[in-house]
Amino acid sequence: NTVASYWNCVAAEQNVGLYREAEVSAKTLVDATDVLIKADEAAPGELKTAAANLANATASRISAEQALYEGRQKLALTMAMDAYKIMVAPQTVDALPASAPASELEALNLANLCRRALQRRADLLAAQKTQEGSRVLLAYARNGLLPKMDFSFTGGYSGLDYGSTSKQYTSVISKNLTGLNLLGQVTMEWPIENNLARGNLLQQEAAHAQNLVRTTGAARNIISQVATAFHDLRYSAAQSAKFDEAGRNYRQALDNEREK
């Protein structure tokens, strides 16, 4: 998604910076080795080794820049940028956040993270709503197999008189011309085979079962994704700490060589 593509670009930009620093350090080592050789403090063959190390660092920097460009293109695609704007890939403005302390990572609870993900994931919520709708349709289809009986009643009052004067309009009250009527009707439907309702029930049962499988599968996938991301986070944090330690040791070794 867009968020993951963005942070991948941020990481790629930092990788380019690190490889450029490594290239500069390799170039510095070549220059220092050349000075030592001229001062008869190092063997001439060491210059070839330093030059090879510089070439390797340059190749790594070029590869990192290519990976950065590809990451920016992927980010542009996920952002649905205009076709003509994709050629000018977007640049990031943030830096990678600092690694969380080990104590904070240890305090994270996988079960709580999975529960929160199940409550917030829009795809799962949509699947659950679809399942609820299919459950209602299934109940309606089951009711369709039952016989149906309807009762209806209608009533009215009517009076009839003849005449052409205006008094005739009110004479129905004084003459008590009653005409009360009442109509009752009972309708019952009881199909013998009722194949249409049976077919509709089978269709709704299949749709409900399918929606149940989709909802269950979506929940399993979410839990698996959260668990994988949880362990990736812990392993990445431990790996990052070791890389930082290695970087400090390499810098110390380089400083010691420079002092010699």
May I ask you to check whether [X] and [Y] show a side-chain donor-acceptor distance below 3.5 Å?
X      : Y      : answer
Arg198 : Asn195 : no
Thr215 : Gln131 : yes
Thr33  : Glu46  : no

I need the [X] [atom1] to [Y] [atom2] distance, nearest 0.5 Å.
X      : Y      : atom1 : atom2 : result
Leu108 : Leu233 : CG    : CG    : 7.0 Å
Cys114 : Gln225 : SG    : CD    : 10.5 Å
Thr130 : Gln128 : OG1   : CD    : 10.0 Å
Asn194 : Leu146 : CG    : CG    : 9.0 Å
Tyr69  : Gln73  : OH    : CD    : 4.0 Å
Leu47  : Leu36  : CG    : CG    : 10.5 Å

Taking [Y] as the starting point, is it possible to reach [X] by hopping between hydrophobic residues whose side chains are less than 4.5 Å apart?
X      : Y      : value
Leu113 : Ile223 : yes
Leu196 : Trp190 : no
Val213 : Leu125 : no
Leu75  : Val3   : yes
Phe230 : Ile222 : yes

Item to complete: Check the surroundings of atom OH in Tyr19: do more than 12 heavy atoms from other residues, nucleotides or ligands lie under 6.0 Å from it?
Response: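 Not buried by this count: 12 neighbours or fewer within 6.0 Å.
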Worksheet item: Got a sec: does the CZ of Arg135 have more than 12 other heavy atoms crowding it under 6.0 Å?
Response: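 It does: Arg135 CZ has more than 12 such atoms within range.
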Minimum heavy-atom distance between [X] and [Y], given as atom pair plus value:
X      : Y      : result
Ala117 : Val226 : CB-CG2, 3.7 Å
Val30  : Ala50  : CG2-O, 3.3 Å
Ala26  : Asn53  : CB-ND2, 4.0 Å
Ala219 : Leu124 : N-CD1, 4.0 Å
Arg142 : Leu201 : CG-CD1, 3.4 Å
Thr78  : Thr2   : O-OG1, 3.3 Å

Fill in: Reference residue Leu68; test side-chain contact (heavy atoms from CB on, under 4.5 Å); the match among Asn15, Val16, Asn8
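Running side-chain contact (heavy atoms from CB on, under 4.5 Å) over Asn15, Val16, Asn8 with Leu68 returns exactly one hit, Val16.
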Discussion item. Applying side-chain contact (heavy atoms from CB on, under 4.5 Å) to Asp31 and Val35, what does each step give before you reach the verdict?
Written reply: CA-CA 6 Å; Asp31 296 337; Val35 172; 5.6 Å; no
Hey, are [X] and [Y] close enough for a salt bridge, meaning a charged N less than 4.0 Å from a carboxylate O?
X      : Y      : result
Glu13  : Arg72  : yes
Lys74  : Glu70  : no
Glu245 : Lys242 : yes

Practice prompt. Carefully, step by step, assess His231 and Tyr235 under the rule side-chain contact (heavy atoms from CB on, under 4.5 Å).
Written response: CA-CA 6 Å; His231 289 287; Tyr235 294 147; 4.0 Å; yes
Are the side chains of [X] and [Y] in touch, meaning some heavy atoms are under 4.5 Å apart?
X      : Y      : value
Val186 : Met149 : yes
Arg214 : Gln210 : yes
Leu212 : Thr216 : yes

Discussion item. Would the distance check show the side chain of Ser224 and the main-chain N or O of Arg220 forming a donor-acceptor pair, the cut-off being under 3.5 Å?
Written reply: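 Side chain of Ser224 to backbone of Arg220, a donor-acceptor pair under 3.5 Å: no, none is there.
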Discussion item. Looking at Ala59, is its backbone amide N or carbonyl O close enough to the side chain of Ser63 to form a donor-acceptor pair, meaning the two atoms are under 3.5 Å apart?
Written reply: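 No, Ser63 side chain to Ala59 backbone: no donor-acceptor pair under 3.5 Å.
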Worksheet item: Run the salt bridge (Lys or Arg N to Asp or Glu O under 4.0 Å) check on Lys27 and Glu23 step by step: do they pass?
Response: CA-CA 6 Å; Lys27 180 64 171 61; Glu23 185 180 16; over 6 Å; no
